[in-house]
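Counting starts at 1 for both ligands and their atoms, following the listed order.
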Amino acid sequence: MDVLWMIPLLLLMIIPLLMCTSSTFVFYFKKFFYVAWMMVLALIGIPLCILKSGGRDIENMRIIRFMVRHVKYLLGLRFEVSGWEHLQTEGPYVVISNHQSSLDVLGLMEILPDRCTTIAKKELIYAGTVGLICWLGGIVFINRKKTSDAKSVMADAAKTMLDDQIRLWVFPEGTRNQNGDLLPFKKGAFHLAVQAQVPIIPVVFSSYSNFYLRKEKQFKSGIIRLKILPKIETKGMTSDDVASLSDKSFDLMRAAFLDISDSITRSNGPVRH
Ligand SMILES: CCCCCCCCCCCCCC(=O)SCCNC(=O)CCNC(=O)[C@H](O)C(C)(C)COP(=O)(O)OP(=O)(O)OC[C@H]1O[C@@H](n2cnc3c(N)ncnc32)[C@H](O)[C@@H]1OP(=O)(O)O
Ligand SMILES: CCCCCCCC/C=C\CCCCCCCC(=O)OC[C@@H](O)COP(=O)(O)O
């Protein structure tokens with residue numbers, strides 16, 4: 001029994017020591033902590049969502065947003081947001097952003113407008129308590145392996161956006177990417193906006209490469225710039241305009257990404273290896 005009590009005490013001594021001496025340990029510790037803490041937050045949030053709305057309801061995103069807002073401090077991250085005024089748009093719209101890591105959830109919750117939920121891969125629903133709270137928050141799950149299914153879910157979503165006056169956040173790269181640039185955009189977000197005839201609001205996260213490097217196992221403190229760009233109208237557009245709409249959005253977002261990422265690298269200095 002006495003030995004068992006020693007274990008937490010030993011951990012309390014060893015963990016700070018390792019945190020000071022090994023950046024690889026910090027990397028794994030912060031990653032593990034992030035997932036575990038989100039799971040715990042979701043566990044607390046699930047009954048709150050059910051009590052508030054009785055089940056799946058986009059209004060639950062307010063609870064989720066509130067619960068996630070402090071997590072940045074625990075990981076040593078800060079957000080600098082610009083362009084808030086562009087989110088002051090009435091009615092439904094589609095938000096599109098680049099996607100580097102699951103840490104994007106922190107930025108998403110930092111600026112998530114009311115009545116806005118996201119499109120996510122269907123595998124996320126199996127992520128324990130996080131999966132369940134995503135479902136309760138009205139997240140729209142798509143099967144990326146079956147284009148026809150994904151398209152029909154998105155077409156339903158276009159209708160729901162108008163019927164229920166909701167906003168949807170889509171990651172048009174379709175997967176996480178940390179190659180220092182944006183991946184070519186998939187077309188779903190643009191079909192969605194054109195089908196619903198609603199504006200697109202592009203949001204750009206600066207590169208995480210000055211604080212988070214997966215291959216090098218680095219996870220330092222850092223600043224993330226979030227730039228909200230002016231809305232792009234889609235009124236009067238048809239599916240023939242989707243390709244040019246996607247290209248235009250890509251060009252605007254890529255220019256903003258290179259601009260805000262470059263300025264961070266310059267002010268913080270590059271990551272040392
Ligand atoms: C407290 C704890 C809290 C925790 C909170 C957690 C929050 C969690 C946040 C979670 C964040 C999680 C974040 C995540 O999970 S990110 C991963 C999931 N998200 C996405 O994949 C979204 C982006 N993907 C797309 O938009 C794709 O296009 C889809 C998936 C729809 C199809 O992709 P696919 O690769 O199968 O096909 P394709 O893109 O090559 O297109 C093929 C053709 O179809 C045409 N087409 C496409 N779409 C439509 C359409 N709607 N109507 C009519 N036509 C359409 C298209 O023009 C093309 O034709 P053409 O142009 O070549 O002629
Ligand atoms: C039974 C337990 C299973 C545990 C699984 C752990 C699940 C993660 C839990 C908490 C992490 C914090 C919230 C994360 C939400 C992140 C969503 C995300 O970033 O999904 C990735 C997706 O956009 C693209 O996927 P791919 O890059 O194509 O792959």
- Query: Do any nitrogen or oxygen atoms of Y34 lie less than 3.5 angstrom from nitrogen or oxygen atoms of ligand 2?
  - Reply: no
- Message: Has D149 got a side-chain atom pairing as donor or acceptor with N143's backbone, closer than 3.5 angstrom?
- Response: no
- Task: Would you check if the side chain of T21 reaches a backbone N or O of L17 as a donor-acceptor pair within less than 3.5 Å?
- Result: yes
- Item | Under-4.0 Å salt bridge between K231 and E233 | yes
- Assess R144 for proximity to ligand 2: is some non-hydrogen atom of it under 4.0 Å away? yes
- Do the side chains of M67 and F33 join up, straight or via other hydrophobic residues, at under 4.5 Å, putting them in one cluster? yes
- Query: Can you list the atoms of ligand 2 that are under 4.0 Å from a heavy atom of V130?
  - Reply: 9 (C), 10 (C)
- Message: Please check if the number of heavy atoms outside K248 that lie under 6.0 Å from its NZ is greater than 12.
- Response: no
- Task: Could you pull out all residues at least two apart from K187 that satisfy side chain to side chain donor-acceptor pair (under 3.5 Å)?
- Result: none
Taking a 3.5 Å cut-off between nitrogen or oxygen atoms, can you list every pair linking ligand 1 to the protein, with distances?
unit_1   : atom_1 : unit_2 : atom_2 : d
ligand 1 : 15 (O) : K121   : N      : 2.9
ligand 1 : 26 (O) : G188   : N      : 3.0
ligand 1 : 28 (O) : G188   : N      : 3.1
ligand 1 : 35 (O) : K186   : NZ     : 2.7
ligand 1 : 36 (O) : T147   : OG1    : 2.6
ligand 1 : 44 (O) : K151   : NZ     : 3.2
ligand 1 : 52 (N) : Q195   : NE2    : 3.4
ligand 1 : 54 (N) : H191   : NE2    : 3.4
ligand 1 : 57 (O) : H191   : NE2    : 2.9

- Where P92 and I166 come nearest, the two heavy atoms and their spacing: CB-O, 3.1 Å
- For atom 2 (C) of ligand 2, which of Q178, K121, E173, M39 has the closest heavy atom? M39
- Message: Counting only heavy atoms, tell me which of A36, C134, S102 gets closest to atom 18 (C) of ligand 2.
- Response: S102
- Message: Checking contacts here: is it the side chain or the backbone of T175 that comes within 4.0 Å of ligand 2, counting heavy atoms only? Could be both or neither.
- Response: both
- Within the 4.0 Å heavy-atom cut-off, what R176 brings close to ligand 2 is both
- Exactly one candidate in I96, D104, I111, I139 meets side-chain contact (heavy atoms from CB on, under 4.5 Å) with W169; the answer is I111
- Query: Is there a side-chain contact between Y212 and Q100, using heavy atoms and a 4.5 Å cut-off?
  - Reply: no
